[in-house]
A.B. asks: 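Mind looking over this structure? Questions follow.
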Amino acid sequence: QVQLVESGGGLVQAGGSLRLSCVASGRTFSRHAMGWFRQAPGKEREFVAAISRGGIMTDYKDSVKGRFTISRDNAKITVYLQMNSLKPEDTAVYYCAATTAQAMGAIASNYDYWGQGTQVTVSS
């Protein structure tokens with residue numbers, strides 16, 4: 001069982017930056033690929049970024065490439081999402097998730113554990 005707790009959300013103006021953190025419980029963090037997803041009001045949850053267990057491989061939603069960076073520190077059992085050049089369309093609740101699958105992925109149903117989410121609001 002893995003418990004995930006996100007933090008770092010907030011209100012920021014367009015063009016600003018935020019760094020989200022997700023701290024995991026348990027001793028198996030390094031065995032899990034991790035992902036960030038987001039859900040805006042009235043929309044389905046969508047993939048944002050993922051990182052492999054060792055942190056070597058990453059993947060991003062096209063619209064955040066070059067602006068967002070996912071990273072992890074297995075010693076601190078934490079995964080991060082650095083978000084730069086934020087846009088109003090990035091406004092959503094952001095969730096981190098962990099998968100027991102061998103590889104990271106962009107499909108939400110492949111993730112086994114989820115955090116409670118943190119709100120990110122970008123004003124224009």
Side-chain angles (χ1 to χ4, degrees):
Q1 188 77 10
V2 176
Q3 294 182 329
L4 304 170
V5 179
E6 303 99 332
S7 62
L11 173 63
V12 63
Q13 288 187 331
S17 298
L18 284 173
R19 187 176 83 154
L20 306 183
S21 300
C22 173
V23 180
S25 67
R27 302 179 180 180
T28 63
F29 179 73
S30 62
R31 302 178 193 171
H32 299 285
M34 301 295 294
W36 284 96
F37 291 78
R38 67 188 182 188
Q39 187 166 18
K43 295 188 177 181
E44 293 187 354
R45 190 170 298 190
E46 65 177 6
F47 169 75
V48 176
I51 189 166
S52 61
R53 291 178 289 182
I56 301 301
M57 295 185 293
T58 58
D59 189 23
Y60 296 92
K61 176 180 174 64
D62 284 346
S63 64
V64 308
K65 286 180 180 177
R67 299 190 297 124
F68 291 11
T69 303
I70 188 171
S71 62
R72 67 188 295 162
D73 185 334
N74 286 348
K76 295 182 178 180
I77 53 174
T78 302
V79 62
Y80 305 96
L81 185 68
Q82 178 66 44
M83 304 186 295
N84 298 328
S85 302
L86 282 161
K87 304 176 181 180
E89 51 264 43
D90 294 318
T91 295
V93 177
Y94 283 70
Y95 299 89
C96 75
T99 178
T100 55
Q102 287 290 328
M104 64 182 188
I107 301 174
S109 60
N110 288 343
Y111 285 78
D112 306 283
Y113 305 103
W114 292 82
Q116 82 290 346
T118 186
Q119 176 71 47
V120 171
T121 303
V122 184
S123 63
S124 56

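Remember, it's a predicted structure, so these values are computed and weren't measured experimentally.
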A.B. asks: Would a single hydrophobic cluster contain both Val12 and Leu81, if residues Ile, Leu, Val, Met, Phe, Trp and Tyr are joined by side-chain heavy-atom contacts under 4.5 Å?
C.D. replies: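 Hydrophobic grouping puts Leu81 with Val12.
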A.B. asks: Could you measure the distance from the CZ atom of Arg53 to the NE2 atom of His32? Nearest 0.5 Å is fine.
C.D. replies: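 If I round to the nearest 0.5 Å, the distance is 9.5 Å.
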A.B. asks: Within a 6.0 Å radius of atom NZ on Lys76, are there more than 12 heavy atoms belonging to other residues, nucleotides or ligands?
C.D. replies: no
A.B. asks: Membership question, hydrophobic clusters at under 4.5 Å side-chain separation (ILVMFWY): are Val120 and Val48 in the same one?
C.D. replies: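 The answer is yes; both residues are in one hydrophobic cluster.
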A.B. asks: Looking at CD of Glu44 and CZ of Arg38, how far apart are the two atoms once the value is rounded to the nearest 0.5 Å?
C.D. replies: 14.0 Å
A.B. asks: Taking the side chain as every heavy atom from C-beta outward, state whether Thr28 and Gln1 have any atom pair closer than 4.5 Å.
C.D. replies: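 Heavy-atom side-chain distance check fails, nothing below 4.5 Å.
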A.B. asks: For Gly55, is there any backbone N or O sitting under 3.5 Å from a side-chain donor or acceptor partner on Arg72?
C.D. replies: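 It does not hold such a pair.
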A.B. asks: Between Tyr60 and Ile70, is there a donor-acceptor pair closer than 3.5 Å when you use the side chain of the first and the backbone of the second?
C.D. replies: yes
A.B. asks: Just by distance, do the side chain of Thr69 and the backbone of Gln82 share a donor-acceptor pair under 3.5 Å?
C.D. replies: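 No.
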A.B. asks: Is there a donor-acceptor contact under 3.5 Å from the side chain of Ser25 to the main chain of Gln3?
C.D. replies: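 Yes; at least one donor-acceptor contact below 3.5 Å.
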A.B. asks: If we only count heavy atoms from C-beta on, is the Met34 to Val2 side-chain gap below 4.5 Å?
C.D. replies: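 No, every pair of side-chain atoms sits at 4.5 Å or beyond.
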A.B. asks: Under 30°, 30 to 60°, or over 60°: which ring-plane class applies to Tyr94 and Phe68, parallel, tilted or perpendicular?
C.D. replies: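 The arrangement is tilted - the two ring planes meet at 30° to 60°.
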A.B. asks: Should Gln119 and Thr91 be marked as a side chain to side chain contact (heavy atoms under 4.5 Å, CB included) after you check the CA-CA gap, both sets of side-chain angles, and the distance that decides it?
C.D. replies: CA-CA 8 Å; Gln119 176 71 47; Thr91 295; 4.1 Å; yes
A.B. asks: Report the distance from atom CG of Leu11 to atom CG of Leu18, rounding to the nearest 0.5 Å.
C.D. replies: 9.0 Å
A.B. asks: Quick one: do Lys87 and Asp90 make a salt bridge, cutoff under 4.0 Å?
C.D. replies: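 Salt bridge between Lys87 and Asp90, a charged N being under 4.0 Å from a carboxylate O: no.
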A.B. asks: Is a donor on one side and an acceptor on the other found under 3.5 Å between the side chain of Glu6 and the backbone of Gln116?
C.D. replies: yes
A.B. asks: For the atom pair CD1 (Ile51) and CH2 (Trp36), what is the distance rounded to the nearest 0.5 Å?
C.D. replies: 11.5 Å
A.B. asks: Rounded to the nearest 0.5 Å, how far does OH of Tyr113 lie from CZ of Phe29?
C.D. replies: 13.5 Å
A.B. asks: Is there a chain of hydrophobic side chains (I, L, V, M, F, W, Y, each step under 4.5 Å between heavy atoms) that links Leu86 to Tyr95?
C.D. replies: no
A.B. asks: What's the shortest heavy-atom distance between Ala50 and Tyr111, and which atoms?
C.D. replies: CB-OH, 3.7 Å
A.B. asks: Any chance you could measure Arg27, atom CZ, to Ile77, atom CD1, to the nearest 0.5 Å?
C.D. replies: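 Answer rounded to 0.5 Å: 11.0 Å.
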A.B. asks: Considering residues at least two apart in sequence or located in another chain, which fulfil the salt bridge (charged side-chain N to carboxylate O under 4.0 Å, His left out) criterion with Lys61?
C.D. replies: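 Scan of Lys61 (salt bridge (charged side-chain N to carboxylate O under 4.0 Å, His left out), adjacent residues dropped) gives Glu46.
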A.B. asks: Are Tyr80 and Asp73 packed together at the side-chain level, in the sense that at least one heavy-atom pair is separated by less than 4.5 angstrom?
C.D. replies: yes
A.B. asks: Where do Pro88 and Ala14 come nearest, in terms of heavy atoms and distance?
C.D. replies: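 Heavy atoms of Pro88 and Ala14 come nearest at CD-CB, 4.1 Å.
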A.B. asks: Among the clusters formed by ILVMFWY side chains lying less than 4.5 Å apart, do Leu20 and Phe37 turn up in the same one?
C.D. replies: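 No; Phe37 is not reachable from Leu20 via cluster members.
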